[in-house]
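Here is the naming used below: chain letters follow the sequence lines, and residue numbers restart at 1 for every chain. None of these values were measured; they are calculated from a predicted model.
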Protein chains: 2
Amino acid sequence: MVRKAAKAESKAASTRKPNMREAILAAAEELFSTYGFNAVSVRDIAQAAGANPGSVTYHFKTKDGLLLEIYRRHCGPMNRRRSELLAAARRVRDLQDRLEAIVRAYVLPAFTSGSDLAGGGTRFTRLRAIMSAEGNEVVRKIIAQTFDDTSHAFVDAIHESLPHIPRTDIVWRSHFLLGALYYTLVTPERVSRLSRGSADGTDAGHAIEELVRATVASLQAAPLDQAVTARRKTLVAAKGER
Amino acid sequence: MVRKAAKAESKAASTRKPNMREAILAAAEELFSTYGFNAVSVRDIAQAAGANPGSVTYHFKTKDGLLLEIYRRHCGPMNRRRSELLAAARRVRDLQDRLEAIVRAYVLPAFTSGSDLAGGGTRFTRLRAIMSAEGNEVVRKIIAQTFDDTSHAFVDAIHESLPHIPRTDIVWRSHFLLGALYYTLVTPERVSRLSRGSADGTDAGHAIEELVRATVASLQAAPLDQAVTARRKTLVAAKGER
DNA sequence: TGATCATTTGTACGATAGTACAAATATGGT
DNA sequence: ACCATATTTGTACTATCGTACAAATGATCA
């Protein structure tokens, strides 16, 4: 039915689909990032794109190939943007300001895509969040070979701004940052619900600010080793914890 | 386990041999929490449990019903444990200690299940993480009606310990906590990888400590509204020192 | 225009999905 | 031991999955 309507329209106005390949990519990105990879069928994507299932096979060979292409499309611009912002952040003199700039350089490109239109970055990061949960094998390889370099660069930069914090703790806290970022994009309505309407989880700008502030504070916290010893003094009557 | 209905008619299901039912539940929990709900078939579960596909239908009617039962099995004990720990935490005098105890009361039950075997809590929380990403409708209802109460209670308790922080910020930061918790359980190997082996992402005990410390620090951070003005002061002070 | 190549369509195939259901079997009360 | 019922098994039905492939259609250029 959709196909028929589209066909009729194209005949009447002679407005062909400019690029079916792009339409399929856009539809797949939207559907995958909303329902997950496994829950979306090739036919769903084709229908949403106004295309034929066979076209998907033609352009991307397999469903995994389609996912791969989506990643290829976004990873480059996003990590390039991150590198730029990170380089700029490194040049900030004030240590406190520099740390915040570094965190912002990591978070910002996840919300604003450098290549696509409105919400492109958010959509792709939501997709990454879902894929990391579903544990797709194709994605795992891309992540390891594309994002780990970036992550290492950020950990190093943060470590420079916080020399007294062990690298291990910085890794943990950066990991928490990514988890918080993912979760916010996956279930933004939860924030609205829990705050009883006083906060809007879908407000990307506000989410970034909250996330940056919380992360900077967590990064500056005393590392565990010092914490435990400092804590031991007052913590005696609680539990016989090892 | 042998619950007997008091002389009721045929409908009372007295489970004489809980083995198979339990085996199916355990297998489903393990598979769902590893590969996601959509990627696992009823036949996979049956085979892993050493059962017949028909048995799954008999005991749980549908695949969704099986998922529902897994949630029912864990939600009660976990939230009860949380309430206990939260009540104890509220009685802590020192505000700093109290805040940490509250956060710990939220995190701890997610790792250690009160009802099941070793790793039961971790497994179930991993399942929750995956389900929140996949966006299953059945689960969404349970979450909203079971976990939001608990979440509200924790936000309130935290707000009592940090009266000067607006509730909205506490909601955001608690949200980040849950995201970090989920992500750590879903991809623990990433921590090991990024830390180049100096940290073990699967070490639940250590993960808890890192998470609690980071979260407490983030909760204590100046709220966003005040951030700008507070920042001005330190900037001026820093200028004066140099 | 007609030939050539790229793309889209339509359809089909084998595999697997969730679930239903009758037959077979195990179990507990009397 | 017998019966009633709870459970397990085996199987089949329908729907949908990813993908392949030939035919139809569109576009490009000599």
Taking atom [atom2] of [N] as reference, at what distance in whole Å does atom [atom1] of [X] sit?
X       : N      : atom1 : atom2 : value
B:Phe32 : C:dG18 : CZ    : P     : 8 Å
B:Leu31 : C:dG18 : CG    : P     : 12 Å
B:Leu66 : C:dT19 : CG    : P     : 10 Å
A:Glu22 : C:dT7  : CD    : C1'   : 15 Å
B:Ile45 : C:dT16 : CD1   : C1'   : 15 Å
A:Ile24 : C:dT7  : CD1   : C1'   : 10 Å
B:Asn19 : D:dT7  : CG    : P     : 12 Å
A:Gln47 : D:dG18 : CD    : P     : 14 Å

### Query
Which part of the nucleic acid, if any, lies within contact of B:Arg43, taking any heavy atom under 4.0 Å across all strands shown: a base, the sugar-phosphate backbone alone, or nothing?
base

> Using a cut-off of 4.0 Å on non-hydrogen atoms, how would the nucleic acid contact of B:Ser55 be classed: base, sugar-phosphate, or nothing?
Replying inline: base

Aromatic ring pairing A:Phe176/A:Trp172, orientation class (parallel under 30°, perpendicular over 60°, tilted between):
tilted

### Task
Determine, for A:Arg21 against A:Glu69, whether the closest basic-nitrogen to carboxylate-oxygen distance falls under 4.0 angstrom.
yes

When every non-hydrogen atom of A:Thr215 is compared with those of A:Ser218, the smallest separation belongs to O-OG, 2.8 Å

Between B:Arg140 and B:Gly135, the two heavy atoms sitting closest are NH2-O, 3.1 Å

Requested in this report: Report yes or no: is the cationic atom of B:Arg128 (NZ for Lys, CZ for Arg) under 6.0 Å from the centre of the six-membered ring of B:Phe147, at an angle within 45° of the ring normal?
Outcome: yes

Regarding the side chain of A:Lys61, the nearest nucleotide among C:dT19, D:dC17, D:dA20 is D:dA20

Taking only N and O in the side chain of [X], is any of them less than 4.0 Å away from OP1 or OP2 of [N]?
X       : N      : answer
B:Thr57 : C:dA20 : no
A:Asn52 : C:dT8  : no
A:Tyr58 : C:dT8  : no
A:His59 : C:dT8  : yes

